[in-house]
Amino acid sequence: MDNQEPKQTFWSDFRARFRRFRQRYQLIRWLIVIVLTMMLLMSGYLTFKAKTANVGDLKAALENPTKIYDRKNNKAGTLYSQKGTYVPLTKISTHVQDAVISTEDRNFYHEHGFSVKGIGRALLLYAKNKILRQNYISGGGSTLTQQLVKNAYLTQEQTFTRKFKELFLSIEVENVYTKQDILSMYLNNAYFGNGVWGVQDAAERYFGTTAANLTVPQSAVLAGMLTSPNTYNPIDHPQASRSRRNVVLGLMGENNKLTSGQVSQYQATALTTSDNYTYKNSYKYPYFFDAVINEAINKYGLTESEIMNKGYKIYTTLDQGNQQQMQTLFKNPSYFPANASDGTKVQAASIAIDPNTGGVEAVVGGRGKHAFRGYNRATQMRRQPGSTIKPLAVYTPALENGYYYDSELTDKKKSYGTNHYSPHNYGNQYSGKVPMYQALAQSKNAPAVWLLNKIGVDKGYESVKKFGLPVTKSDKNLALALGGLKTGVSPQQLGQAYTAYANNGTMSSAHYIRKIVDASGNVVVDTQDSAAKTKQVMSSKTAKQMTSMMMGVFNYGTGTSAKPYGYTIAGKTGSTEADGDNDATRDKWIVGYTPDIVVTTWEGFDNTSSAHHLEDVSGTGEGPLYQAEMQGILPNTKGTSFDTKDASTIANGENNAAGSGSTDVWDQVQKGINNAGKQFDNAADQVKDWWEKAKSWVN
């Protein structure tokens with residue numbers, strides 16, 4: 001007793017002190033004020049979110065799929081996700097309406113978007129799960145409006161925060177729309193399994209009829225599927241579906257939509273199915289549409305769900321004719337090498353870009369089955385560009401630093417640096433001296449490395465950076481001349497770089513989207529926002545000289561097999577060796593252009609090995625494919641001619657009267673400048689050779 005008395009005195013004293021403290025500082029009132037303030041702030045925030053959710057656009061967004069338009073504003077296809085064939089409520093059987101309301105929300109017409117009982121049940125379940133340390137809500141009695149809001153605006157995450165958002169959005173939806181509108185949106189946006197959305201497509205898929213003609217038992221089946229479309233699927237799980245149907249029929253009887261006699265009659269009915277559903281595949285240009293979605297997400301901050309489900313109109317740079325013919329060629333195996341012995345396909349990717357606007361007109365990212373937003377080799381792949389980098393890393397900076405299109409380059413096998421880097425020409429063929437335009441057209445390695453060494457690796461490195469290719473300091477070496485990059489490039493990056501040659505020295509950034517408009521007509525992305533970023537990467541004079549040299553690639557160089565009949569194009573081929581094997585090729589590239597279009601094509605295996613590599617390192621193996629691509633694309637362009645001639649023609653003085661006056665003038669001026677420059681360069685090289693010999697004699 002003596003030990004317990006001090007304890008009682010301590011607790012009695014503590015309670016008395018706390019009571020005085022509470023009364024003095026009015027703790028209860030302050031707690032009430034704090035709780036009410038928090039509730040007010042939370043309510044204000046959720047009301048703001050609901051008011052700014054563009055609820056007024058919901059019906060238009062659900063009624064219309066997102067449409068894709070081409071560069072001429074013609075419809076090119078649609079993007080479907082949680083969207084089926086939308087029909088008005090007047091074309092949906094009243095049996096479906098009665099079955100859904102009886103099962104999902106019996107008080108639908110008497111509540112304002114939420115159920116007090118449902119909220120109470122959600123709170124109890126939340127408290128229970130917190131005690132059990134489960135951070136989700138198991139159910140909660142959502143109304144039809146809440147279910148619509150959840151599907152249209154929110155994730156399926158079962159959290160208390162999401163439940164509150166759902167509640168406030170539901171109230172806002174009820175303020176904007178009639179009950180008939182809400183029921184119509186719900187039925188058209190509900191999921192019925194097997195990739196089918198909306199009651200109209202579900203009626204066709206499971207019963208071979210329209211939503212307007214569904215019978216009572218059929219309506220009960222569809223209503224029963226809403227809680228678990230896969231579990232109660234009448235095709236895959238007929239017994240479970242029939243049992244669930246009979247439960248729904250009983251609920252319809254309880255809700256006075258059926259008499260007890262009708263319930264018994266319909267419950268005894270056999271469950272039969274009939275599939276009359278045809279999937280409308282309007283995703284006509286999969287790799288292009290994928291790229292559009294990716295750009296909308298990465299560049300303009302939209303989500304995939306918004307793009308697929310909110311009924312946008314997306315205006316793009318697509319040329320449907322070019323895209324269709326490119327896809328057709330990729331499906332033709334005769335344009336590709338045979339599969340590897342284990343059946344692995346040779347892969348490929350192509351992209352066509354308008355050099356004046358940067359708009360991508362066509363893109364194919366691979367061969368074989370396409371996966372939605374899967375791997376797109378044209379935009380996501382990174383491979384070494386081989387000799388296609390020579391114009392960017394060597395010849396362009398050389399012209400801008402005093403060299404000329406016909407300057408003589410050393411074409412000998414040489415070693416450079418302490419690591420004795422020794423590039424070699426294909427077939428180990430060397431001519432001693434070669435004019436620059438021939439070295440480029442014939443894709444000689446030795447002269448390219450010799451020239452980069454002459455102008456300095458730094459100049460080549462900075463030039464490649466200006467062209468927008470992803471180089472790092474580890475690429476700052478002579479191997480840069482031959483495309484020996486650490487990370488490599490994509491066809492899109494390479495094609496974008498070459499737009500500078502086709503566009504008088506100005507590079508245009510590649511893009512797919514011109515404008516985005518939402519379902520209510522509001523502009524989400526303006527044409528000014530989507531305009532290509534341009535950059536002057538060389539003078540127009542240099543671009544002209546480079547074009548004259550690169551015309552030789554297709555006229556007499558490594559790209560002759562890729563030249564389209566009746567057209568003049570310029571560009572470059574490239575290839576990379578597989579693991580140092582001269583007879584095995586990892587990558588083959590061709591990039592070509594006119595003033596109207598730049599087309600880049602890559603070919604190779606995704607994973608190169610002794611069993612998975614290409615043959616013919618000359619780079620012309622993909623020539624027939626590229627030729628066919630250009631043959632199909634060029635007739636769709638303006639047909640703008642180059643304002644220069646092939647460098648070999650200029651060098652040989654073969655100026656014919658057929659050329660334009662401006663070309664003749666440029667040719668004459670160019671010839672005079674080059675002759676003077678050549679004489680100076682030759683004299684300088686001679687002096688340098690004498691100096692090198694003199695040093696060797698001294699040593």
Side-chain angles (χ1 to χ4, degrees), residues 59 62-63 82-111 142-152 173 177-235 237-238 240-259 262-263 265-267 269-277:
K59 190 169 186 286
L62 294 179
E63 285 179 336
Q82 293 178 207
K83 203 177 293 285
T85 304
Y86 199 100
V87 292
L89 195 62
T90 54
K91 292 188 177 181
I92 299 175
S93 169
T94 55
H95 303 317
V96 177
Q97 300 175 42
D98 291 342
V100 169
I101 290 173
S102 299
T103 308
E104 297 292 317
D105 188 5
R106 199 170 294 182
N107 294 315
F108 173 68
Y109 285 106
H110 309 292
E111 62 204 8
S142 294
T143 64
L144 287 183
T145 309
Q146 286 176 282
Q147 292 180 49
L148 171 65
V149 163
K150 180 174 65 177
N151 290 335
V173 167
Y177 295 104
T178 66
K179 289 291 186 179
Q180 288 73 23
D181 283 336
I182 294 170
L183 182 57
S184 174
M185 287 188 285
Y186 175 81
L187 292 173
N188 280 288
N189 195 49
Y191 184 57
F192 290 95
N194 284 317
V196 175
W197 295 85
V199 67
Q200 173 67 17
D201 289 349
E204 295 282 2
R205 177 68 175 86
Y206 298 115
F207 302 112
T209 187
T210 64
N213 294 323
L214 287 167
T215 65
V216 172
Q218 290 170 344
S219 299
V221 169
L222 296 184
M225 291 176 66
L226 293 172
T227 55
S228 182
N230 294 325
T231 303
Y232 300 120
N233 183 325
I235 293 177
H237 305 286
S241 179
R242 189 171 189 269
S243 297
R244 176 63 179 166
R245 178 201 69 178
N246 290 347
V247 170
V248 172
L249 291 169
L251 294 173
M252 292 176 72
E254 292 177 10
N255 199 31
N256 298 319
K257 299 300 179 183
L258 297 174
T259 65
Q262 288 175 317
V263 170
Q265 176 188 345
Y266 291 134
Q267 286 178 338
T269 305
L271 193 160
T272 58
T273 61
S274 176
D275 186 1
N276 195 33
Y277 174 65

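Numbering of residues begins at 1 and proceeds along the displayed sequence.
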- Task: Kindly compute the distance separating CD (Gln180) from CD1 (Ile92), expressed to the nearest 0.5 Å.
- Result: 12.0 Å
- Considering only heavy atoms from C-beta outward, does the side chain of Gln218 approach that of Asn213 to under 4.5 Å? no
- Query: Can you check side chain to side chain contact (heavy atoms under 4.5 Å, CB included) on Val216 and Gln262, steps first, answer last?
  - Reply: CA-CA 10 Å; Val216 172; Gln262 288 175 317; over 6 Å; no
- dist Asn189:CG -> Glu63:CD (nearest 0.5 Å) comes out at 11.5 Å
- Determine, step by step, whether Leu226 and Thr103 satisfy the side chain to side chain contact (heavy atoms under 4.5 Å, CB included) criterion, reporting the C-alpha distance in whole Å, the side-chain angles of both residues, the deciding distance to 0.1 Å, and the verdict. CA-CA 9 Å; Leu226 293 172; Thr103 308; over 6 Å; no
- Thr227 versus Arg244: any side-chain heavy-atom pair under 4.5 Å? yes
- Query: Should Val100 and Leu187 count as side-chain neighbours, where that means a heavy-atom distance under 4.5 Å?
  - Reply: yes
- Task: Measure the CG-NZ distance between Leu249 and Lys257 for me, rounded to the nearest 0.5 Å.
- Result: 14.5 Å
- Message: Show the nearest heavy-atom pair for residues Glu104 and Leu144, with the distance to one decimal.
- Response: CB-CD2, 3.6 Å
- Is there a side chain to side chain contact (heavy atoms under 4.5 Å, CB included) between Leu222 and Leu214 once you walk through the steps? CA-CA 10 Å; Leu222 296 184; Leu214 287 167; 3.6 Å; yes
- Message: Using side-chain heavy atoms (C-beta onward) and a distance below 4.5 Å, is Glu204 in contact with Thr209?
- Response: no
- Closest non-hydrogen atom pair between Ala99 and Ser219, with its separation: CB-O, 3.9 Å
- Message: What verdict does the side chain to side chain contact (heavy atoms under 4.5 Å, CB included) test give for Ile182 and Phe108, after you've listed the backbone C-alpha separation in whole Å, the side-chain angles of each residue and the deciding distance to 0.1 Å?
- Response: CA-CA 10 Å; Ile182 294 170; Phe108 173 68; 4.0 Å; yes
- Query: So, Gln97 and Thr94: side-chain donor and acceptor under 3.5 Å apart, yes or no?
  - Reply: no
- Note on the structure: When every non-hydrogen atom of Pro234 is compared with those of Met225, the smallest separation belongs to CD-SD, 3.7 Å
- Task: Compare every heavy atom of Tyr206 with every heavy atom of Ile235, then report the nearest pair and how far apart it is.
- Result: CD1-CD2, 3.6 Å
- Query: Once you round to the nearest 0.5 Å, how far does OG of Ser274 lie from CZ of Arg205?
  - Reply: 10.5 Å
- Going from OH on Tyr86 to NZ on Lys91, what distance comes out if it is rounded to the nearest 0.5 angstrom? 13.0 Å
- Query: Within a strict 4.5 Å, meaning less than it, do heavy atoms of the Tyr109 and Ile101 side chains meet?
  - Reply: yes
- Note on the structure: So CG of Asn188 and CG of Leu183: to nearest 0.5 Å the spacing works out to 9.5 Å
- Hey, is the main chain of Tyr266 close enough, under 3.5 Å, to the side chain of Thr269 for a donor-acceptor pair? yes
- Closest non-hydrogen contact found for Asn194 with Tyr191 is N-OH, 3.5 Å
- Query: Between Gly208 and Asn276, which heavy-atom pair has the shortest distance, and what is it?
  - Reply: CA-CB, 3.5 Å
- Can you find a heavy atom in the side chain of Val221 that is under 4.5 Å from one in the side chain of Thr273? no
- Side-chain contact test, heavy atoms from C-beta onward, threshold under 4.5 Å: evaluate it for Asp105 versus Tyr186 and give yes or no. no
- Query: So, the side chain of Arg245 versus the backbone of Gln267: is there a donor-acceptor pair under 3.5 Å, distance only?
  - Reply: yes
